[in-house]
Structures are given as structure tokens and as C-alpha cells.
Amino acid sequence: MDDLIDLHSDSFFMAEALRQARRAWEREEVPVGAVVVHRGQIIARAFNQVETLKDATAHAEMLAITQAESVIGDWRLNECEIYVTKEPCAMCAGALVHVRMQRVVFGCPSAKDGAGGSVLNLLQHPQLNHRCEITSGVRHDECAAMLQSFFRERRAGG
């Protein structure tokens with residue numbers, strides 16, 4: 001029974017990641033949000049802050065990983081899951097493998113840079129020392145619509 005994925009919980013945690021993504025949008029950042037869950041509890045929340053911090057590595061996943069490591073007191077997050085609104089890029093996927101994240105749940109794929117199966121699958125690369133479980137498509141429409149609206153608004157000069 002432990003192997004069953006509770007989609008209601010996935011939806012709940014992705015809703016929190018979507019709230020984080022909205023916070024990014026309010027700050028004129030690409031609206032990507034992430035939460036890290038440990039034993040059913042959210043232990044880290046983050047959103048993209050690349051422009052705010054002038055740091056190309058300040059993706060939601062990277063910031064959430066750092067927070068979660070602090071809460072757990074270890075760099076290994078093998079008992080954690082991350083919920084992120086957009087498929088992780090290669091940088092974030094590499095970090096997720098490195099910290100041994102148990103499961104990566106994302107909302108919408110990223111055809112340009114997705115490293116969870118769209119462009120490549122770094123999260124489950126057979127030659128790496130860890131493979132993350134992947135659940136994709138959780139609250140897909142909401143996650144995709146937020147990104148599409150953000151970029152549409154940007155192109156229109158809004």
C-alpha cells in the first residue's frame with residue numbers, strides 16, 4: 001500500500017507550489033514555484049528569484065533544496081519529495097539527483113530545457129548514482145496557463 005501515490009495529496013502540494021509561482025510573478029520573475037515535502041509536511045517553499053538576486057542559479061528548486069537541507073540538517077534529502085510547477089532544467093535536475101530527492105513531481109513539461117524527460121531525463125539517468133521517481137502532469141493546465149500568461153503579458157509589453 002505504501003507504493004500507491006495519493007493524487008489528492010499531490011494536488012494539494014502542487015497548489016502550494018502554484019502559490020509560490022504567483023509570488024514570483026508578482027515580483028516580475030518567471031512564475032515557477034516549488035515546495036519540498038518530508039513525511040507529509042511542507043518543509044521548504046520557494047519561487048524563482050533570478051532577477052531579484054541577480055543569480056542565474058536562483059531557481060525555485062535550488063532555493064527550496066537549500067531551505068530543506070537546513071531544516072533536515074543534512075544535504076541528503078532522500079526522504080523528501082519536491083513539487084515544482086515546471087519540469088526542472090538540467091541544473092536543477094542535477095541538484096535533485098545529487099541530494100537524492102526521492103520523488104520529483106512537476107506540473108507542466110518544458111520543451112526547451114526540461115531534464116525530467118522532455119529534452120533529456122537527467123532525473124533517471126542510468127549512469128548516475130541516484131534516480132528520482134517522477135510524477136508529471138499534476139495540475140498541468142494551471143501550471144502551463146500561468147507560464148503562458150506570463151510570457152504573453154511580457155511579449156505584449158505588460
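Every value quoted in this text rests on a predicted model; they were computed, and no experiment measured them.
- Taking R22 as the reference, L18, R19, M146 meet the side chain to side chain contact (heavy atoms under 4.5 Å, CB included) condition, with sequence neighbours excluded.
- Contact of the Q20 side chain with the P31 side chain is not registered, since no non-hydrogen atoms from C-beta on lie closer than 4.5 Å.
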Take T85 and L147 through the test side chain to side chain contact (heavy atoms under 4.5 Å, CB included) and record every step on the way to the result. CA-CA 9 Å; T85 55; L147 285 162; 5.6 Å; no
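- Every residue was checked against the side chain to side chain contact (heavy atoms under 4.5 Å, CB included) condition with S70, not counting sequence neighbours, and none meets it.
- V35 and V138 end up in the same hydrophobic cluster when Ile, Leu, Val, Met, Phe, Trp and Tyr side chains are linked at under 4.5 Å.
- Looking only at distances, no side-chain donor or acceptor of R27 sits under 3.5 Å from a matching main-chain atom of F47.
- Remark: E81 pairs with V37, Y83, R103 by the side chain to side chain contact (heavy atoms under 4.5 Å, CB included) rule, at least two apart or across chains.
- Hydrophobic clustering (side-chain heavy atoms under 4.5 Å, transitive across Ile, Leu, Val, Met, Phe, Trp, Tyr) keeps V50 apart from I65.
- Residues S110 and S118 have side chains not in contact (no heavy-atom distance under 4.5 Å, counting atoms from C-beta outward).
- Considering all non-hydrogen atoms of both residues, R139 and E142 come closest at NE-OE2, 2.8 Å.
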N/O donor-acceptor pairs under 3.5 Å from side chains in residues 39-46, not counting sequence neighbours:
from : atom 1 : to  : atom 2 : distance (Å)
R39  : NH2    : E79 : OE1    : 2.9
R45  : NE     : E16 : OE2    : 3.0

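- Residues L63 and I72 are members of separate hydrophobic clusters, defined by side-chain heavy-atom contacts under 4.5 angstrom among Ile, Leu, Val, Met, Phe, Trp and Tyr.
- H98 meets the ring pair (Phe, Tyr, Trp, His ring centres under 6.0 Å) test with W75; sequence neighbours excluded.
- V36 is connected to I134 through a chain of hydrophobic side-chain contacts under 4.5 Å among Ile, Leu, Val, Met, Phe, Trp and Tyr, so both are in one cluster.
- At a cut-off of 3.5 Å, with distance as the only test, no side-chain donor of S136 or E87 sits close to an acceptor on the other residue.
- If you take SG on C80 and NE2 on H38, they are separated by 5.0 Å, rounding to the nearest 0.5 Å.
- The salt bridge (Lys or Arg N to Asp or Glu O under 4.0 Å) test applied to R76 returns D74, not counting sequence neighbours.
- Residues M62 and C92 approach most closely at CG-SG, 3.8 Å, considering heavy atoms.
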Walk me through whether K86 and D113 qualify under side chain to side chain contact (heavy atoms under 4.5 Å, CB included). CA-CA 10 Å; K86 182 180 84 64; D113 69 352; 3.4 Å; yes
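- A donor-acceptor pair under 3.5 Å is absent between the side-chain atoms of Q102 and the main chain of E133, judged by distance alone.
- Side-chain contact between E29 and T52 is present, with heavy atoms from C-beta onward closer than 4.5 Å.
- For the pair V105/M14, a side-chain contact is recorded, criterion being any heavy-atom separation below 4.5 Å from C-beta on.
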How far apart are the C-alpha atoms of L77 and E69, what are their side-chain angles, what is the distance that settles it, and do they pass the side chain to side chain contact (heavy atoms under 4.5 Å, CB included) test? CA-CA 7 Å; L77 300 178; E69 290 168 331; 4.1 Å; yes
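- Looking at heavy atoms from C-beta onward, I82 lies in side-chain contact with E61 at the 4.5 angstrom threshold.
- Nearest heavy-atom pair, A34 versus A64, reported as atom, atom and distance to 0.1 Å: CB-CB, 4.2 Å.
- Contact of the L96 side chain with the L122 side chain is not registered, since no non-hydrogen atoms from C-beta on lie closer than 4.5 Å.
- Side-chain contact between H59 and M91 is present, with heavy atoms from C-beta onward closer than 4.5 Å.
- Going from atom CD of Q127 over to atom CG of N129 covers 12.0 Å, rounded to the nearest 0.5 Å.
- Minimum heavy-atom separation, L123 to G116: CD1-CA, 3.7 Å.
- Panel note: side chain N48, backbone A60; a donor-acceptor pair is recorded below 3.5 Å.
- With a 4.5 Å cut-off on side-chain heavy atoms, C143 and F106 do not count as touching.
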